[in-house]
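A short write-up of the structure that comes next.
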There are 2 protein chains.
Amino acid sequence: MIKVLVVDDDQDLRDNLVEVLGDNGFSPSSAENGEAALEKLQADKFDLVLLDSVMPGMDGMETLPLIKRNHPKTRIIMLTAFSTVNSAVEAMRSGADDYITKPFKIDELLVAVRRCLEEAKFGICEELLNSDDMFKCLANATRRKVLMLLYQENKLRFMDMTRQLKIDDHTKVNFHLKILKEAHLIEQDGRKNYQLSPQGKKIVTCMSSIAAD
Amino acid sequence: MIKVLVVDDDQDLRDNLVEVLGDNGFSPSSAENGEAALEKLQADKFDLVLLDSVMPGMDGMETLPLIKRNHPKTRIIMLTAFSTVNSAVEAMRSGADDYITKPFKIDELLVAVRRCLEEAKFGICEELLNSDDMFKCLANATRRKVLMLLYQENKLRFMDMTRQLKIDDHTKVNFHLKILKEAHLIEQDGRKNYQLSPQGKKIVTCMSSIAAD
DNA sequence: AACAATTGAGAATTTTTCTTCACAGAGAAA
DNA sequence: TTTCTCTGTGAAGAAAAATTCTCAATTGTT
């Protein structure tokens with residue numbers, strides 16, 4: 001379910017948008033200013049934010065960079081009054097994915113929303129294609145075993161690892177460790193202990209959700 | 001953070017357990033009966049449920065199979081009065097991972113909790129190792145491109161796909177499609193349209209979260 | 001029939017993986 | 001100190017696997 005956050009101080013507009021978005025298969029929430037929006041974004045993960053540029057309290061132009069910084073994958077569409085189109089351009093520069101001038105027709109908005117999300121879809125795929133090393137790495141059962149060992153044990157030294165893996169030729173283990181290191185899935189601390197890198201950890205947990213049920 | 005849900009009608013016990021679990025690095029919530037528990041499980045994802053077998057309203061024995069069905073990866077430890085040990089055995093059969101007889105020492109519980117989660121960790125790894133075909137599949141850039149295309153376009157026929165991929169040798173595409181089919185990441189409908197399998201979809205979305213930020 | 005779409009089989013090629021050899025440091029034992 | 005064993009790392013060729021390419025067959029459309 002695609003989650004959209006509507007941020008606008010006008011309650012009528014907010015309610016209206018939430019209803020329309022709901023009818024169109026999205027899962028909408030709303031907030032009436034920047035602070036509230038940031039809180040909601042903290043608590044939950046949204047795919048898209050519709051952000052009014054002018055609001056009492058923290059306004060959209062202020063909020064925009066904060067959202068982008070903490071939630072880089074979240075898409076943002078600015079809602080700007082016609083008179084402030086110039087600032088819309090500025091908004092695009094600081095990370096908005098699109099903008100719409102008020103007043104707008106609801107269809108206009110939906111089109112922008114859908115286009116925006118389509119582009120995001122494409123972005124995902126780009127990333128998917130560029131992480132070749134990682135996937136090559138994961139293709140080998142021995143290497144996956146290493147990852148899982150490190151996931152369970154946190155830290156291990158070279159020889160302990162080869163013993164646990166029950167591989168008698170230690171140079172073979174070394175071969176795979178080198179590949180894992182080059183793909184940045186594991187790292188070594190000062191005392192030569194091997195451990196999962198942050199990236200590596202992400203992968204292990206992510207994998208588990210794939211293999212599930 | 002490991003999330004644990006305590007389900008018991010005794011408020012004192014509930015509060016006590018929540019406190020202890022919190023002190024021991026878990027992230028606990030509580031519910032006072034089966035219905036409430038199911039709601040919480042719906043809203044949020046828990047790693048482990050401590051489930052009292054005897055409660056007013058929907059009791060633990062009733063709740064157990066419902067939890068297991070909708071959240072198969074969530075581990076469950078039953079809390080049973082000594083007098084109902086027999087039903088504990090039954091509980092194990094319907095999917096509980098362990099049980100503890102009341103009254104219990106808090107350490108006893110923590111041991112069971114930790115063991116249970118350790119086993120879960122191991123389970124993840126098992127799955128990771130057994131899905132070899134899938135990883136082999138993902139190791140190839142062309143095949144990942146196919147997945148992403150199908151993710152974007154939903155359905156595609158053979159020749160349209162080869163054109164979009166800009167691969168002039170169609171037999172090459174065919175080769176990879178066969179492999180994807182064998183790994184059950186894509187499927188074909190009656191009109192020979194290729195599309196992502198449920199498994200395939202899961203992978204694409206999961207991958208995107210790895211590549212993130 | 002004519003033509004495009006779709007699939008398969010196997011040889012040729014490229015990548016990965018395995019194996020063997022070589023080397024260096026650390027600490028224990030003689 | 002010297003010798004020995006265990007640890008940790010690198011590199012190159014052989015073996016195995018994956019990928020590409022070539023030829024061919026089958027199916028569906030116009």
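All values below come from the heavy atoms of this structure, side chains included, with hydrogens, waters and symmetry mates left out.
- Remark: side-chain polar atoms of D97(A) are not paired, donor with acceptor, to backbone N or O of I77(A) under 3.5 angstrom.
- The separation between N193(A) atom CG and dT9(D) atom P is 11 Å, rounded to whole Å.
- At least one side-chain heavy atom of E187(A) sits less than 4.5 Å from a side-chain heavy atom of P198(A).
- Look at Y194(B) and you'll find a side-chain N or O under 4.0 angstrom from OP1 or OP2 of dT7(C).
- Protein atom NZ of K178(B) is 14 Å distant from nucleotide atom P of dT20(D), rounded to whole Å.
- Counting any heavy atom pair closer than 4.0 Å across all strands shown, R143(A) reaches sugar-phosphate atoms only and no base atom.
- Ranking dT7(C), dT6(C), dG8(D) by closeness to the M159(B) side chain, first place goes to dT6(C).
- Distance N174(A) CG to dT17(C) C1': 14 Å, rounded to the nearest Å.
- Taking the nucleotide of DNA chain D with the nearest heavy atom to each of T142(B) and T171(A), the more 5' of the two is matched to T171(A).
- Put simply, R157(A) has no side-chain N or O that comes within less than 4.0 Å of OP1 or OP2 on dT7(D).
- Map F175(A) and K181(B) each onto its nearest nucleotide of DNA chain C; the residue landing nearer the 5' end is K181(B).
- Between L138(B) atom CG and dA18(D) atom P there is a gap of 15 Å when expressed in whole angstrom units.
- Residue K201(A) places its NZ atom among 12 or fewer non-hydrogen atoms of other residues, nucleotides or ligands, all under 6.0 Å distant.
- Within the 4.0 Å cut-off from OP1 or OP2 of dT16(C), not a single side-chain nitrogen or oxygen of N140(A) is found.
- An OP1 or OP2 oxygen of dT20(D) is reached within less than 4.0 angstrom by a side-chain nitrogen or oxygen of H176(B).
- For K172(B), the listed nucleotide lying nearest its side chain is dC21(D); candidates were dC21(D), dG8(D), dT9(D).
- Within the 4.0 Å cut-off from OP1 or OP2 of dT6(C), not a single side-chain nitrogen or oxygen of K192(B) is found.
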Trace of the salt bridge (Lys or Arg N to Asp or Glu O under 4.0 Å) decision for K136(A) with D133(A) = CA-CA 5 Å; K136(A) 289 264 168 68; D133(A) 290 350; over 6 Å; no

